[in-house]
Every structure is written in C-alpha cells, then in structure tokens.
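These notes concern the structure reproduced below.
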Amino acid sequence: MTFSDLGLSPKVLSAVTDAGYTQPTPIQAGAIPHALLGKDILGIAQTGTGKTASFVLPMLTRLEKGRARARMPRTLILEPTRELAAQVEENFIRYGKNHKLNIALLIGGVSFDEQDKKLERGADVLIATPGRLLDHRERGKLLLNGVEILVIDEADRMLDMGFIPDIERICEMIPFTRQTLFFSATMPPEITKLTEKFLHAPVRVEVSKAASAATNIIQRLVKSGSKPWDKRETLRNLMKAEDAELKNAIIFCNRKVEVSELFRSLLKYDFDAGALHGDMDQRARMQMLANFRDGKLRYLVASDVAARGLDIPDVSHVFNYDVPIHAEDYVHRIGRTGRAGRSGKSFTIATKSDTKYIDAIERLIGNKIEWHDGDLSTVVASEGGEDDAPRRGKGAPRRAGRKDDDRKDRGERKPRERHARHSEDAAPATVREDQPVVAEVEVADIGERRARKDAIRSENTERKSSDRNEQRAPERGDTRPQRDSNRPARHRQEDNDTTVGFGDDMPAFMRIVAKV
DNA sequence: AAAAAAT
C-alpha cells in the first residue's frame, strides 16, 4: 500500500513525496479513503501513529474545490493545547505547500489582531484551542455556519481538561451537514456519548495501543531519596552517566513550580536546559520548544503540557523527575522518545512514596519495569533522616508543608518549627550545593507575595499583570509560573479556610477576605 | 500530590 492508492489529489501527493513519505501508517490507510468520501470518522489512535496526517491530507484534497469567505472558515480543527494547535498548523503548511490556502491559528496567550486579520481575509483552515475560539465568536468576528469539515482531536484529553462543554457548544454552532473527524486515544463513556451525539454513521478506525507499542524504548526505574535535592542529585548523576548516548532529553515534572525550580538548578550546574509549562509566557513557550526542536537546547524540563502529542522526532531520552500520578501519563511521557521506530531510553526517578503509582503503571503496561541500580530497599536515607510523611501534625494544612520544603531547599527554615524537626536541624543549613543565590530567593518571594495579593483581589478588578507579561520579551531564566488570579486553582485555594503560605501566622483580616 | 485552557 502506498499513498498513491488512497485517492489523494496530485498536489497533496507531491507534497507527501517531497516530505519523504511513501507508505501510509495504519490509521492513514484506514481513515483517508473514507474521509475523502465525506464520511464521518471515529479514529481511535494515540499520537505518534500518524494521526495528524490522516486528517490533514484528505482535508487538503477536499479543500481544493471552493473558496473561503470572510469570517466564515471552511474547516475547523480543535486541539487541547496551544502547542498541539501550532503543530497541526505546521502540518498544513508542509503538506499544503502546493495549495493557496489561508490558515488561521487561534490560540490564547497571543494578541487578537493578527488572528482577526486572518479571519477577516477568510480562512480555509482554522485551527484553534476552544477558549480562544469561543472568545473570537463572542466578539462577533467569527461565523461557524460555513464549516464543512470539523476535526476534534485528542478528545479524551479534552475531557480530562474539562473542555467537553465547550466542545458541545462549538459542535452545536456548526451545521449538521458537516463532516466530522473525531480522534481519541481512549474511549471512556463520556467520549462515547459525545460521538453518538455528534457523529453520523462514522467509520471506526482503530490502531494498536501505545502502551504495547513501546517495545523500542528501554525503561528503567531509578531509586532516589525523596528530598528535592536528593532527586536533583540523582537526576544529575543519571544525566552524566547517560551523556555519551544522550542526544537530547525531556525531563518531566509533575508540577509547574518543580519545572522552574529544576530548570534553574540545572542551569546553575551548566546543563544546557530549557523549560516548558503552561503558565509561562506564550512566547517563551514557543521559543523554548523551537530551540529544543532545533537542537539549540539539549534538555527540556517540562510539565505534562509536553507529555502528549508533541512531535519532536529525535528525542533520545525521557527522564521522569517525578513518577506521574496517572499511569496513562507515563505512557505518553515515555512515548516522546523512541518515535518513528527509533530506539529510546526512559528513566523514572522513584522514591519510597511512589510505590503505589509505580504499581499502577506496571499494571497498565502489563510489565515490570527494571530497576536501574537496585530497588528502593537499597536507598540511602538523606541527611536529616527518613521521610517527611508522618511527622506533620494532623491538623496542619498539607499545602503549607510544601512551602516548608521550598524553604528548606534554600537553607531557610521557619523558626517556629525548629523544635519539631530536630533530626534535620542537625544538618548544616548552608551545604546545599544548588542553593539558589540570594537575589533569586528574593525575586521568588516577591512573586509569591504578589500571588497572595492576586488571591484576595476581587473577580471584577481588572488585571494588568498579564498584559505586561505579553509585552515582555521572554527571558531565558524566567519560567516561574505566572500566577493568574482567574485560574481555577486559585478558586480552589480560596475555597479553603487556609490561605496558602501563611501557615498559622495569617492575619485575621486576610482570612475573612480570602473566604469571599 | 497536577496539568492543561480565554480574559
């Protein structure tokens, strides 16, 4: 089977040939002929299976007839993250090089002006994340009743991210005479319901699960002490040990703050690292990703924003600095290496408290993962002894505890707690090799203070900080999460009686305001 | 224990 058997137009075929492809992947071979006939498709496939081309190529062929009208895009592709949306745009540019198509990318974090202009000109292809798309529509700049083909990509991830209501709204704005191409890696009940509602007699195309496809990736678990400095040291040793084989690597952390902390620590140790997480300035996000793709950065420290779908063809190593909480994320993360049949290596740093997550991962992939250098029973306890798990008082808020960890990492300590932590007090406070310089500590604290202010600011108050952030050029070192007072996480904190960061020292007046 | 997405 070759691409020329699928019924694609000569223009598309020639671009595919130029890109160096001759053989379609199973999902492409299964979906393209039906998509060209105008049928609805239900594609069950992970990324890395050639899924994107399975809708881009037939869409290009079908778009050769007709023209776009102002503010009435002819096709719409919905993606869960900004980076994925940008990646789909690149695919349209690559395979559409023989076409004269207007492509518009509507994503958040960048200015409206350019997006408006492209809509006004009439877009053949509109690629969007749901939030910004709805925003444009509400501003009256966008009419969706001319859409002939709708693509919903990564539907299960959209579900995880709470986008399904948005997706339903958008689907209802588009004429039911459209063709719908629907892709999901898994089919949870909510997704099945969605397909029953929005697909008409779909052709179902299913390809093998990524969990079983990862045989070309060497996977190892690496024991570590549980303190941040233990884990960072474990990681650095691992990176050095792998240096000869390592072309480039993505290092995954579970939290955004960890991404920026680890990133800064690695810079201090002269590793050629970048960072990527969703609270970074959009320009910095794009820049980091582009630099990593182009080989200007050897290491990319990232949150799960980079776990799925991102196509960086030649990642040699994946390091999990944290064991992912959800087992499926493990599969997605390690799937960033070993792409296109290449071999890859993944190392997952594990501490004692990670055992149950490791069990879940091993159950999911149906295999035991080998330990790199002895299992957790051989971990040497770090200075200051064991673990921090049971020591904290029952009534003490757990989240405040995390702040304490940050502080310890800088060699600081809350005076109040000193008596409760004798064992750690025995350790000299200044020996951390990667203790941040004082200036950085201060900057971080200012950020935290501002975040607290944000937390108590009323919903209606206009926020100017994000505007400022948009203007600002991305600085290489500035990866600290940009606290956004309107994010759901913020609300969750407000729901709690405890304002994060104050411990028991929170002034009473703040407690009242924070509850509002 | 999280992350992602509009302002």
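Here is the naming used below: chain letters follow the sequence lines, and residue numbers restart at 1 for every chain. Keep in mind that this is a model prediction, so the values were computed, not measured.
Using a 4.0 Å heavy-atom distance criterion, A:Asp160 is classed as a base contact. Among the atoms of the strands shown, only primed sugar atoms or phosphate atoms (P, OP1, OP2) are found under 4.0 Å from some heavy atom of A:Asn254.
Here B:dA2 presents its C1' atom at 9 Å from CG of A:Asp329, a figure rounded to the nearest Å. Distance, A:His326 NE2 to B:dA4 P: 14 Å, rounded to whole Å. Atom CE in A:Met161 sits roughly 12 Å away from atom C1' in B:dA6 (whole-Å rounding). A straight line from CD of A:Glu154 to P of B:dA5 spans 13 Å, rounded to a whole angstrom. Distance A:Asp281 CG to B:dA5 P: 13 Å, rounded to the nearest Å. Rounding to whole angstrom units, CE of residue A:Met158 and P of B:dA3 are separated by 21 Å. Computed from coordinates, the A:Glu261 CD to B:dA2 P distance equals 14 Å when rounded to whole Å. Rounding to whole angstrom units, OH of residue A:Tyr357 and C1' of B:dA3 are separated by 15 Å.
Residue A:Ser303 has its side chain nearest to B:dA3 when only B:dA6, B:dA3, B:dA1 are considered. Across B:dA1, B:dA4, B:dA6, the shortest atom-to-atom separation from the side chain of A:Thr129 is found for B:dA6. For A:Arg255, counting side-chain heavy atoms from C-beta on, the closest listed nucleotide (B:dA4, B:dA1, B:dT7) is B:dA1.
The ring pair (Phe, Tyr, Trp, His ring centres under 6.0 Å) test applied to A:Phe183 returns A:Phe55, not counting sequence neighbours.
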A:Thr234 and A:Asn237: CA distance, side-chain angles, deciding distance, side-chain hydrogen bond (donor to acceptor under 3.5 Å, both in side chains) verdict: CA-CA 5 Å; A:Thr234 306; A:Asn237 291 339; 6.0 Å; no
Check residues 317-324 of chain A and write down every donor-acceptor pair under 3.5 Å in which the side-chain atom is one partner and the other belongs to a residue at least two apart or another chain.
unit_1   : atom_1 : unit_2   : atom_2 : d
A:His317 : NE2    : A:Glu242 : OE1    : 2.8
A:Asn320 : OD1    : A:Arg333 : NH1    : 3.2
A:Asn320 : ND2    : A:Thr348 : OG1    : 3.0
A:Tyr321 : OH     : A:Pro228 : O      : 3.4
A:Asp322 : OD1    : A:Lys231 : NZ     : 2.6
A:Asp322 : OD2    : A:Asn254 : N      : 2.8

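Side chain of A:Asn367 to backbone of A:Glu362: no donor-acceptor contact under 3.5 angstrom is found.
Remark: A:Arg82 is in phosphate contact with B:dA6, judged by side-chain N or O atoms under 4.0 Å from OP1 or OP2. Between A:Arg132 and B:dT7, a side-chain N or O to OP1/OP2 separation shorter than 4.0 Å is present. Between A:Arg333 and B:dA2 there is no side-chain N or O to OP1 or OP2 distance below 4.0 Å.
Contact annotation: side chain of A:His277 to base of B:dA4, donor-acceptor pair absent below 3.5 Å.
Annotation: cation-pi pair A:Arg157/A:Phe163 absent, no NZ/CZ under 6.0 Å from the ring centroid and within 45° of its normal.
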